[in-house]
Amino acid sequence: AQTVTQSQPEMSVQEAETVTLSCTYDTSENNYYLFWYKQPPSRQMILVIRQEAYKQQNATENRFSVNFQKAAKSFSLKISDSQLGDTAMYFCAFMKWVQGAQKLVFGQGTRLTINP
Amino acid sequence: KAGVTQTPRYLIKTRGQQVTLSCSPISGHRSVSWYQQTPGQGLQFLFEYFSETQRNKGNFPGRFSGRQFSNSRSEMNVSTLELGDSALYLCASSLDPGGITEAFFGQGTRLTVV
């Protein structure tokens, strides 16, 4: 079974600092997608960044970037110049194709607090 | 373009009752998935529908069921509610052109069973 592990239940940094959230996953599949989702107190799950497993280049979205190490099955998220609005739960998720349907498997989440 | 809409936002039910939650996907999206989020178990996959057919189901008891209508709107039903069913239920829609695409989530329905 596929599993996703986020080893940091909580993290806290000062505004404008850089923070890295860790994620490891376990799979025997070769074709899959990885995502980082952000869930603020409003509960809306918002996609932060995505990475296709077949792409070697790390994905980047403005202040958000990933370090994707396929062999190590590691997918960390780096947030640069952190802002107060980045305060949220962050979930790492693995997407696979099962029985003709896509299915997301989530990690337990990391609660990130950005302090002023 | 409107996002994924879930109704109601909050719900309080008593043990033994049943409940129906609704999800309207983004226009044009044909795949709808449901997830249960609890502090203890995290986010767990319930089931996924595409073109009114359930394609995939998670490891939940038969009390949890769902359906999808021809306009892609989906409902999930939980019968004989238990205290442990208290959770945030999230719905996600995706375009699903035959491959993996990103899922867009609604704001969820917070169900409290007392």
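We name chains A, B, ... by the order of the sequence lines, and we start the count at 1 in each one.
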A.B. asks: Side chain, backbone, both or neither: which part of B:Leu43 has an atom under 4.5 Å from a heavy atom of chain A?
C.D. replies: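 Both backbone and side chain of B:Leu43 come within 4.5 Å of chain A.
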A.B. asks: B:Tyr35 versus chain A, heavy atoms under 4.5 Å apart: side chain, backbone, both or neither?
C.D. replies: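 B:Tyr35 touches chain A through side-chain heavy atoms alone.
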A.B. asks: Taking B:Gly58, B:Ser33, B:Gly106, B:Gly42 one by one, which has the highest count of heavy-atom pairs under 4.5 Å against chain A?
C.D. replies: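 Most heavy-atom pairs within the cutoff with chain A belong to B:Gly106.
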A.B. asks: Tell me, out of A:Gln39, A:Met45, A:Glu52, who's got the most heavy-atom pairs with chain B below 4.5 Å.
C.D. replies: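 Highest number of pairs under 4.5 Å: A:Met45.
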A.B. asks: Could you tell me if the side chain of A:Cys92 sits less than 4.5 Å from the side chain of A:Leu77, heavy atoms only?
C.D. replies: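 No, side chains not in contact.
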A.B. asks: Side chain from CB out, backbone as N, CA, C, O: work out which of these in B:Gln37 comes under 4.5 Å of a heavy atom of chain A, or both, or neither.
C.D. replies: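 Just the side chain, heavy atoms under 4.5 Å.
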A.B. asks: State whether a side-chain donor-acceptor pair under 3.5 Å links B:Glu75 with B:Asn77.
C.D. replies: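 Side-chain D/A pair, B:Glu75 to B:Asn77: absent.
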A.B. asks: Testing A:Phe35, A:Tyr33, A:Phe75 for side-chain contact (heavy atoms from CB on, under 4.5 Å) with A:Gln51, which one passes?
C.D. replies: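 Exactly one candidate clears the test, A:Phe75.
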A.B. asks: Contact part of A:Leu104 toward chain B, heavy-atom cut-off under 4.5 Å: side chain, backbone, both or neither?
C.D. replies: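 Both parts, backbone and side chain.
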A.B. asks: Check B:Gln36 against B:Leu46 and note the closest heavy-atom contact, atom names and distance.
C.D. replies: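 Taking B:Gln36 first and B:Leu46 second, the nearest heavy atoms are N-CD1, 3.8 Å.
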A.B. asks: Between A:Tyr32 and A:Phe94, is the gap from one ring center to the other below 6.0 Å?
C.D. replies: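 When the ring centroids of A:Tyr32 and A:Phe94 are compared, they turn out to be within the sub-6.0 Å range.
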